[in-house]
Amino acid sequence: MKAKIYDIAIVQTGVFAKKSPTPNAVYLQQSDFDEEGNVDVSLCPTIEVSDKYMLNSGDLLVVCKGGKNQCIEVPEMGYKAVASSSFLV
């Protein structure tokens, strides 16, 4: 039996955001991951967004811009993070 993606998952785009003077989240971009999908551990919060857009450990990020075909599982991180608009979540 074939299933449609929207029957088994919620898919949304990442957000477009600019730096904030009162940041509460890390803004994950394609350049923050290496070829194996490991996140740069030196990242720090730079943007302010609502909890609605926060990523959870285990969420999947699919690159939707550029020529890099990659799907990355969001690891357990010590900070809140959101995906940039270069990703489908």
Before you tell me yes or no, could you show the steps for Asp32 and Tyr27 under side chain to side chain contact (heavy atoms under 4.5 Å, CB included), namely the whole-Å CA-CA distance, both residues' side-chain angles and the distance that decides it to 0.1 Å? CA-CA 9 Å; Asp32 296 328; Tyr27 190 54; over 6 Å; no
With side chain to side chain contact (heavy atoms under 4.5 Å, CB included) as the test, would you mind laying out the steps for Val11 and Val89 before giving the verdict? CA-CA 6 Å; Val11 179; Val89 182; over 6 Å; no
Do Leu60 and Cys71 pass the side chain to side chain contact (heavy atoms under 4.5 Å, CB included) test, and can you show the C-alpha distance, the side-chain angles, and the key distance before you say yes or no? CA-CA 7 Å; Leu60 297 177; Cys71 180; 4.1 Å; yes
Could you go step by step and tell me if Gln30 and Val63 meet the side chain to side chain contact (heavy atoms under 4.5 Å, CB included) rule? CA-CA 7 Å; Gln30 289 184 42; Val63 176; 3.4 Å; yes
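Dense packing is recorded around CD1 of Ile8, with more than 12 heavy atoms of other residues, nucleotides or ligands lying under 6.0 Å away.
Residues Val62 and Ile72 fall into different hydrophobic clusters, defined by Ile, Leu, Val, Met, Phe, Trp and Tyr side chains chained together at heavy-atom separations under 4.5 Å. A continuous path of hydrophobic side-chain contacts links Val82 to Phe16 [ILVMFWY only; heavy atoms under 4.5 Å]. If you chain together hydrophobic residues whose side chains sit under 4.5 Å apart, Val26 and Met54 never meet in one group.
A donor-acceptor pair under 3.5 Å links the side-chain atoms of Ser84 to the main chain of Leu28, judged by distance alone. Formation of a donor-acceptor pair under 3.5 Å by the Asp34 side chain with backbone atoms of Val39 is not found in this model.
Note that CG of Leu43 is 9.5 Å distant from CD of Gln29, once rounded to the nearest 0.5 Å. One distance of note links OH of Tyr53 with CD of Gln12; it measures 8.0 Å at 0.5 Å rounding.
By the side chain to side chain donor-acceptor pair (under 3.5 Å) test, Ser42 is found to be paired with Asp40, residues two or more places apart in sequence or in another chain being considered. In terms of the side chain to side chain contact (heavy atoms under 4.5 Å, CB included) criterion, residue partners of Val74 (sequence neighbours excluded) are, by chain and number, Leu55, Asp59, Leu61, Met77. For Thr22, the side chain to side chain contact (heavy atoms under 4.5 Å, CB included) partners at least two apart in sequence or on another chain are Ser20, Glu48.
Considering every non-hydrogen atom in both Leu88 and Thr13, the closest pair reads CD2-CG2, 3.8 Å. Contact detail for Cys64 and Ser85: the closest heavy-atom pair is SG-O, 3.8 Å. Closest non-hydrogen pair, Pro75 versus Ser57, comes out as C-OG, 3.9 Å.
Taking the side chain as every heavy atom from C-beta outward, Pro23 and Ile47 never approach each other to under 4.5 Å.
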